[in-house]
Asker: 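If you scroll down you'll find the structure; I have some questions about it.
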There are 2 protein chains.
Amino acid sequence: MARSSTRDEILRVATERFARFGYKGTSLQDIAAGVGCSKATLLYHFAGKEAILQELVAPAVRDLAELVARLQTLDDRTVPGAAIDGFVDLVLRYRHEVSLIYDAIPQFQHEPAFESVRPHTDLLRAALTGRSGDPAGVIAAEVLLAGIAGVAIDDERDAARLRPALIAVARRALIPPPDKD
Amino acid sequence: MARSSTRDEILRVATERFARFGYKGTSLQDIAAGVGCSKATLLYHFAGKEAILQELVAPAVRDLAELVARLQTLDDRTVPGAAIDGFVDLVLRYRHEVSLIYDAIPQFQHEPAFESVRPHTDLLRAALTGRSGDPAGVIAAEVLLAGIAGVAIDDERDAARLRPALIAVARRALIPPPDKD
DNA sequence: GTCTATAAACAGATAGAC
DNA sequence: GTCTATCTGTTTATAGAC
């Protein structure tokens, strides 16, 4: 498996444009211009605009599922730290795709390629709170999930520099310091 | 000042649809259907789709400017707490509008109605960090700003219940606990 | 596999009747 | 102030030549 070029280039340009201007804000024309081909060529390689989106997010959705499955094996005490590390790594590995998923979820949440995202982020949120169910903790976890994803879209910044800062803020916000009595 | 009805109803429906599906994801047709009138009626009351957007965000942008101006008068020690309280209140007062501003900024940041948003959020971010300029602190502030705005869009939840939880997570993440030596 | 040409649907916006 | 009808441009997608 290797040679394809045009197909890969379409995916590369589409990922970048979708993340910058949103799914609705990017036309096939825009992508074709970026690739240097015609719209018809795009639609030779993909069944439609939505098929490009689905192929784009598939690896990120798959890795989210893997992360959540791995977290299920941990106990309530160790799971928040692992969830933080895992989510930050996921988001930095798929910066463009994650922001695109946030963008497209309102429209495509019931499409096959997206239907697992909501339940998995629910489990991830539960893992971040040590499955405590505490309402304030749940809200804190949501703030961190949305915030980390929102910051990661800005790919001007070096992932290696971003990673420790994102992990640090999440730990400070979500993991209570040990009692001092 | 009182009677108008149709015009107010257009703004109400547009705010809700823009927040749910994004500016690009909402057509004049969608808004007209929600209001129960024709597209032509929309365009009698407003110069165009963008004019609806601008009128929608104006109060939120104005209050953001007021908040930032007020924060400028505070010293570096007290400013982070005031910035957190002020931003949470702003976001809860304009839940739909704030998420809409996040959505529309990439496209309209240079339009008159939006041009003050970036500089003001820069000042707000600086206020959240006590103007320390510490890179990790700046990233933490961005995570909290984006995360709080992201959570506030979900208006299923009671603002009175959300407020203390949002303030608590922001304080925990952004304001270092007093030294214990 | 890639192109040009074109279809079909939809967008925002206007004209003019009521 | 609201409507129907229409214009114009853009969108996704297809047909068919090369």
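All values derive from a computational prediction rather than experimental measurement. Each chain gets a letter, A, B and so on, in the order its sequence line appears, and its residues count up from 1.
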Asker: Once you round it to whole Å, what is the distance between P of D:dT11 and CD of A:Glu50?
Answerer: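 So the two atoms are 18 Å apart, to the nearest Å.
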Asker: Do the side-chain N or O atoms of B:Thr41 get closer than 4.0 angstrom to the phosphate oxygens (OP1, OP2) of D:dG1?
Answerer: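 No, because none of the side-chain N or O atoms of B:Thr41 sits under 4.0 Å from OP1 or OP2 of D:dG1.
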Asker: Is the shortest side-chain N/O distance from A:Tyr44 to OP1 or OP2 of C:dT2 below 4.0 Å?
Answerer: no
Asker: Tell me: NE2 of B:His45 to P of C:dA13, nearest whole Å?
Answerer: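 Spelled out: NE2 on B:His45 to P on C:dA13 is 16 Å.
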Asker: Please report, rounded to the nearest Å, how far the C1' atom of D:dG1 is from the CD1 atom of B:Ile10.
Answerer: 10 Å
Asker: Treat each ILVMFWY residue as a node, draw an edge where side-chain heavy atoms are under 4.5 Å apart, and state whether A:Tyr44 and A:Leu28 are in one component.
Answerer: no
Asker: Compare side-chain N and O positions of A:Ser38 against OP1 and OP2 of C:dT2 and report whether any pair is under 4.0 Å apart.
Answerer: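 So the side-chain polar atoms of A:Ser38 never come under 4.0 Å of the phosphate oxygens OP1 or OP2 of C:dT2.
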Asker: Using whole Å, what does the distance between atom P of nucleotide D:dT2 and atom CZ of B:Arg7 come to?
Answerer: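 The distance from CZ of B:Arg7 to P of D:dT2 comes to 12 Å, rounded to the nearest Å.
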Asker: Is there a side-chain contact between B:Thr6 and the phosphate of D:dG1, meaning an N or O under 4.0 Å from OP1 or OP2?
Answerer: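 Checking D:dG1 against B:Thr6, no side-chain N or O comes under 4.0 Å of OP1 or OP2.
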Asker: Test of understanding: clusters of I, L, V, M, F, W, Y form through side-chain heavy atoms closer than 4.5 Å, transitively. Do A:Val91 and B:Val138 belong to the same one?
Answerer: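 No, it is not one cluster - the side chains of A:Val91 and B:Val138 are not joined through contacts under 4.5 Å.
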Asker: Return the value, rounded to whole Å, for the distance between atom CD1 of A:Ile31 and atom P of C:dT2.
Answerer: 16 Å
Asker: Going through the distances and angles, do B:Arg163 and B:Asp89 end up as a salt bridge (Lys or Arg N to Asp or Glu O under 4.0 Å)?
Answerer: CA-CA 7 Å; B:Arg163 186 178 187 277; B:Asp89 285 338; 2.6 Å; yes
Asker: Using a 4.0 Å cut-off on protein heavy atoms (strictly under), produce a 5'-to-3' string for nucleotides 5-12 of chain C with B for base contact, S for backbone-only sugar-phosphate contact, and - for none.
Answerer: ------SB
Asker: Report, as yes or no, whether the 6.0 Å neighbourhood of atom CZ on A:Arg161 holds more than 12 heavy atoms from other residues, nucleotides or ligands.
Answerer: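 At most 12 heavy atoms, drawn from other residues, nucleotides or ligands, come within 6.0 Å of this atom.
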Asker: Go through the structure and list residues passing ring-ring contact (aromatic ring centres under 6.0 Å, His included) with A:Phe87, not counting sequence neighbours.
Answerer: none
Asker: Indicate every side-chain donor-acceptor pair of residues 14-22 of chain B with a distance under 3.5 Å to a residue at least two apart or in another chain.
Answerer:
residue: B:Thr15; atom: OG1; partner: B:Leu11; partner atom: O; Å: 2.6
residue: B:Glu16; atom: OE2; partner: B:Arg20; partner atom: NH1; Å: 2.2

